Amino acid sequence: MENRNGKIVYSVSEINKQVSDYIKDNPVFSNVTIKGEISNCTYQQAKGHYYFSIKDDGALINCVFFKKYNMRMNYKLQNGMQIYATGWIDIYQETGKYQLYITSVEMVVDRGAIMAAYLQLKERLAEEGLFDFEHKKPIPKYPKAVGIVTSQDGAVVHDIIEEAATRNPYVQFYLYPVQVQGKGAPESVVRGIDYFERMGVDTIILGRGGGSSEELGAFDTELVARRVYNCTIPTISATGHAIHNTLVDYAADERAITPTQAGGKAVADIMTTLRHVAKTHESIEQKMSFKLRTYQMKLESLRAGIEGKHPARQIEDKKKKVELYYVNFTSLMQKKFFDRSSAFEQQSERMKVLMNNKYSSRLNRFNVALARMDGLSPTAKLRGGYGFIEKDSTPVTSVEDVKPGDNLQITIHDGTISATVDQS
């Protein structure tokens with residue numbers, strides 16, 4: 001910037017910058033939505049940016065739609081499309097042209113006509129029985145393989161697999177990438193169903209990941225609805241739209257509001273079951289261990305009782321009792337023997353004393369009697385020189401009892417003498 005003849009002179013860059021600052025400071029241009037038809041549309045494949053114009057009958061405005069804002073779109077922008085483009089307006093200072101920097105795009109549609117056509121088609125298909133519950137196939141509880149028909153760019157696949165993996169990490173998932181919006185999308189979805197039906201997976205999930213009713217158009221077509229109805233493999237519709245039910249939602253065997261819910265419906269929660277089984281197993285082991293200890297104690301008690309009643313044990317107990325009785329009896333007998341021996345010895349001593357006394361007394365009396373008797377005995381006289389004469393064992397009391405030649409026996413005090421009679 002310089003001063004020339006009292007006037008301020010700006011450079012091109014300075015002017016463009018001031019215009020840019022002015023636009024940025026105006027809240028009208030910071031968040032604006034423009035309706036129009038796409039023209040001169042160019043898609044920069046390398047960087048993923050869109051460059052095009054939006055026009056109406058009287059004017060046009062240049063637009064840029066960067067990849068970080070369009071990467072979640074499930075369809076491609078094309079010339080002739082009527083859209084609502086939302087973003088901010090700024091000047092591209094290098095060229096001095098202003099343009100719309102788009103953050104989101106929505107298709108312009110005649111909602112009334114679309115809804116009327118949708119309801120007419122829904123009623124016709126319902127009358128044909130495409131939505132009847134008796135035609136619904138049960139979803140396998142423990143599948144081995146699950147096919148996913150959706151766009152490879154969205155988060156549908158990730159949401160489904162992430163949820164399913166927490167429930168059953170052993171299920172194999174396969175993706176058939178399809179176009180879910182725009183021209184050719186219904187045919188693309190049908191090809192995905194055909195592929196997995198030939199492959200023979202256990203369950204097919206049709207995923208969209210949300211969007212407006214218009215963006216779900218492929219899933220509201222008769223072509224896709226009939227293909228889902230005629231599919232021999234159980235199907236789960238997961239268009240990701242809680243308010244609007246698509247024809248595929250009605251025709252499918254099961255409907256999930258979100259892809260995450262679809263993952264939960266396609267796969268049974270065996271991890272929780274396994275944890276429950278493990279916990280139950282642990283509880284059973286604890287109870288069995290407790291019961292086992294209880295029964296072991298009862299067994300030991302019964303065994304002790306049985307062993308106590310066993311003949312060998314009873315014999316052993318009897319033997320021990322006999323041995324104890326023997327010991328006690330022996331001890332008692334020894335004691336009694338000792339007591340009786342002591343008493344006998346005492347009595348014997350007393351008897352000895354008594355007998356000695358009686359013997360001495362009787363001996364004295366005997367000696368006295370003997371002396372007395374001895375004094376009266378005939379033999380006592382023999383000691384005085386007298387003799388006792390016998391003939392043939394007959395006492396000789398007279399001389400007339402003998403004659404010469406007779407043999408006589410003469411008994412004196414200390415023996416017998418034989419004699420012969422010479423004369424009488």
Side-chain angles (χ1 to χ4, degrees), residues 13 16-111 114 150-159 177-183 185 207-219 238-244 257-260:
S13 297
N16 285 350
K17 184 177 183 307
Q18 289 203 19
V19 172
S20 176
D21 292 340
Y22 175 78
I23 292 174
K24 288 179 182 178
D25 292 338
N26 192 329
V28 174
F29 304 122
S30 62
N31 186 14
V32 61
T33 300
I34 301 175
K35 177 183 177 182
E37 177 185 337
I38 296 177
S39 65
N40 301 321
C41 183
T42 301
Y43 179 67
Q44 191 178 65
Q45 186 72 34
K47 295 184 178 180
H49 304 327
Y50 280 102
Y51 298 95
F52 56 89
S53 299
I54 300 177
K55 67 178 182 178
D56 57 19
D57 293 339
L60 62 79
I61 182 173
N62 293 328
C63 305
V64 59
F65 196 9
F66 292 126
K67 179 180 180 180
K68 67 177 180 178
Y69 298 113
N70 70 53
M71 62 186 302
R72 291 187 176 274
M73 290 181 58
N74 295 314
Y75 60 94
K76 294 185 178 297
L77 297 180
Q78 298 177 3
N79 290 329
M81 286 184 174
Q82 293 286 333
I83 64 170
Y84 293 103
T86 300
W88 76 91
I89 295 176
D90 197 0
I91 186 172
Y92 186 57
Q93 296 184 30
E94 292 184 5
T95 62
K97 296 179 180 180
Y98 76 92
Q99 57 188 359
L100 176 64
Y101 292 85
I102 299 175
T103 57
S104 65
V105 168
E106 183 180 352
M107 299 293 295
V108 177
V109 294
D110 185 348
R111 297 182 183 276
I114 292 176
T150 189
S151 171
Q152 65 180 355
D153 297 326
V156 174
V157 177
H158 175 269
D159 293 343
V178 298
Q179 180 183 341
V180 294
Q181 184 173 333
K183 186 177 180 180
R208 172 64 176 84
S212 64
S213 299
E214 292 76 17
E215 292 173 328
L216 298 173
F219 297 90
T239 56
H241 200 290
I243 299 175
H244 177 66
I257 296 176
T258 64
T260 299

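Remember, it's a predicted structure, so these values are computed and weren't measured experimentally. What you see below is based on every heavy atom in this structure, not just the backbone, and it leaves out hydrogens, waters and symmetry mates.
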Closest approach of Ala185 to Ala218 (non-hydrogen atoms, all atoms of both residues): CB-CB, 3.7 Å

Asp90 vs Tyr98 side-chain heavy atoms within contact, under 4.5 Å: no

Audit row: Ile89, Tyr101, side-chain contact (heavy atoms from CB on, under 4.5 Å) steps and yes/no: CA-CA 6 Å; Ile89 295 176; Tyr101 292 85; over 6 Å; no

Parallel, tilted or perpendicular, as decided by the 30° and 60° cut-offs, for the rings of Tyr50 and Tyr43: tilted

Student check: side-chain heavy atoms of Phe29 and Val32 closer than 4.5 Å: no

Spacing of CD belonging to Glu106 relative to NZ belonging to Lys35, to within rounding of 0.5 Å: 11.0 Å

Atom pair OG1/CD1 of Thr86 and Ile102 - distance to nearest 0.5 Å: 8.5 Å

Atom pair OG/CD of Ser20 and Gln93 - distance to nearest 0.5 Å: 5.0 Å

Minimal non-hydrogen separation, Asn16 against Ile91, with atom names: O-CG2, 3.5 Å

Minimum heavy-atom distance between Asn62 and Ser53, given as atom pair plus value: OD1-OG, 3.1 Å

Distance in Å, Ile54 CD1 paired with Asn40 CG, rounded so as to fall on 0.5 Å steps: 12.0 Å

Asn79 and Ser39: side chain donor to acceptor below 3.5 Å: no

Non-hydrogen atoms of Asp56 and Gly58 that approach each other most closely: OD1-N, 2.9 Å

4.5 Å side-chain heavy-atom contact, Gln82 and Met107: no

Pairwise side-chain contact, Thr258 with Asp159, heavy-atom cut-off 4.5 Å (strictly under): no

Reported CZ-to-CG distance for the pair Phe65 and Leu100, which is rounded to 0.5 angstrom: 10.0 Å

Geometric class of the Phe66/His49 ring pair [parallel <30°, tilted 30-60°, perpendicular >60°]: perpendicular

Any Ile23 side-chain heavy atom under 4.5 Å of Asp21 side chain: no

Point-to-point distance, once rounded to the nearest 0.5 Å, from CD1 of Ile34 to CG of Leu60: 11.0 Å

